[in-house]
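Read the numbers this way: they start at 1 and go in the same order the structure lists the ligands and their atoms.
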Amino acid sequence: MRCRRCRAPSVIELRRHNAAFCRPCFLIHCRDQVARTIEEHHMVEPGERVLVAVSGGKDSLALWDILLDLGYPADGLYLGLGIGDYSDESGRYARDYASSRGARLVEVDLPTDVGFDIPGGAAAARRVPCSACGLSKRHLFNRAAVEGGYPVVATGHNLDDEAAVLLGNVLRWSTDYLGRQTPVLPGGDGFARKIKPLIRLGERETAAYCVLTGIDYVVEECPMAVGNKHLGYKAALNAIEDASPGSKAAFYLGFLQRGLAHFAPEAAADRQSLSPCASCGSPTTGDVCAFCRLTEAATRPPQGAKPAPRRRTAPPR
Ligand code: Q46
Ligand code: ZN
């Protein structure tokens, strides 16, 4: 097949767009999709510094690369989760990419800086690892952004991720989650704005972007992902997409256009009932935020043991 833009021999076919692209035109296509998303959803104001949550995987590294190419002042943030070899390896990819671009990578290490790792902390707090992990990421990404003076945190959630989350939320009619499933969560009052500029690119596209630009990324899945419901939702959506290309985008992007507004008021009301956490100052609905409760449970010494020195999490500016 020939490239849709320049008629040169193509290197990738995108059935959803009913198009094929050569290498240079595919990279332009990826940047255009991200630029269009940022503009359409007013994600970044001129001059704002962006902190990109970088896991060492294809999505977050592609996102960082595209933001830098588009001229955004974007630094990376790597959060060490203490998940054995997986964390060691993913940290290496994040650092290697940063040094290859001369970009700044901020690092936070959960075991060293907070006092627990995801497998141990989740077990101690009797939480599912991915739930403890998601909670820790949300809290620590936000804290790093607020403390570092970044008004915006960008994450590498792609179209496949968002469509799978949407399917899970719709299957249960989780109206509170549906109201929050927006590509931009506003900032203010202790929150940085959260943006998802990759919602118009599927994971096949972000993987191809990395391969075609020579970005090395961690290929292995996190070992804790085994049995994760979202993998099942992704597989179901892939089967639908195979039979009917474009369904995934129609499902998710159609929700943003026609469904989200029905659920947004509930999420906005939840946000208004926030007050500062008594321990760390982060916005929360209770007295003490969920992350401080997790930290407390995960770092509590076993009965009879001498208590470890308490680390106090700094309040957001
Ligand atoms: S890193 Fe964390 Fe994922 Fe691993 S423990 Fe689960 S949530 S699977 S994106
Ligand atoms: Zn707290």
Side-chain angles (χ1 to χ4, degrees), residues 52-63 77-91 93-94 108-111 113-144 146-147 153-158 160-162 164-165 168 189-191 194 196 198 203 206 217-234 274-300 310-317:
V52 185
V54 178
S55 67
K58 62 188 186 321
D59 301 310
S60 54
L61 289 178
L63 171 61
L77 167 65
Y78 176 74
L79 173 60
L81 300 167
I83 307 178
D85 294 348
Y86 171 75
S87 287
D88 297 341
E89 208 186 329
S90 46
Y93 283 105
V108 176
D109 188 65
L110 193 58
D113 299 333
V114 187
F116 68 93
D117 58 32
I118 289 300
R126 300 191 180 172
R127 291 185 82 123
V128 176
C130 289
S131 141
C133 182
L135 168 60
S136 303
K137 283 181 191 168
R138 282 191 297 279
H139 184 94
L140 294 170
F141 289 167
N142 189 63
R143 196 169 92 191
V146 172
E147 289 181 359
V153 173
T155 56
H157 295 94
N158 60 38
D160 296 66
D161 298 323
E162 291 303 298
V165 170
D189 292 335
F191 285 116
K194 313 288 176 341
K196 298 174 181 173
L198 292 188
E203 57 190 29
T206 57
Y217 59 90
V218 62
V219 176
E220 289 75 38
E221 287 282 344
C222 168
M224 305 268 143
V226 179
N228 188 318
K229 286 194 300 281
H230 284 116
L231 296 181
Y233 299 149
K234 278 189 179 177
L274 297 174
S275 55
C277 164
S279 176
C280 74
S282 293
T284 177
T285 47
D287 289 343
V288 175
C289 76
F291 181 72
C292 286
R293 282 184 276 125
L294 168 66
T295 305
E296 212 279 316
T299 56
R300 192 182 299 143
R310 180 160 162 64
R311 290 175 171 81
R312 188 179 187 279
T313 48
R317 287 192 319 182

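- From the protein, the heavy atom lying nearest to atom 4 (Fe) of ligand 1 is C222 SG, 2.3 Å.
- Residue-level proximity to ligand 1 for K137 is carried by the side chain, the only part with a heavy atom below 4.0 angstrom.
- For a distance bound of 2.8 Å, the N, O or S atoms of C130 include none lying that close to atom 2 (Fe) of ligand 1.
- Under the 30°/60° scheme for interplanar angles, the aromatic rings of F116 and F291 are found to be tilted.
- K196 and D161 are not joined by a salt bridge, as no carboxylate oxygen comes within less than 4.0 angstrom of a charged side-chain nitrogen.
- Side-chain atoms of S55 and S60 include a donor-acceptor pair closer than 3.5 Å.
- Between L135 and L294 there is a side-chain heavy-atom pair separated by less than 4.5 Å.
- Looking only at heavy atoms of the protein, atom 2 (Fe) of ligand 1 is closest to C133 SG, 2.2 Å.
- The main-chain N or O of G91 is found under 3.5 Å from a side-chain atom of Y78 such that the two form a donor-acceptor pair.
- Of all protein heavy atoms, the one lying nearest to atom 5 (S) of ligand 1 is M224 CB, 3.5 Å.
- Of all atoms in ligand 1, listed by their number and element, those nearer than 4.0 Å to a heavy atom of A225 are 8 (S).
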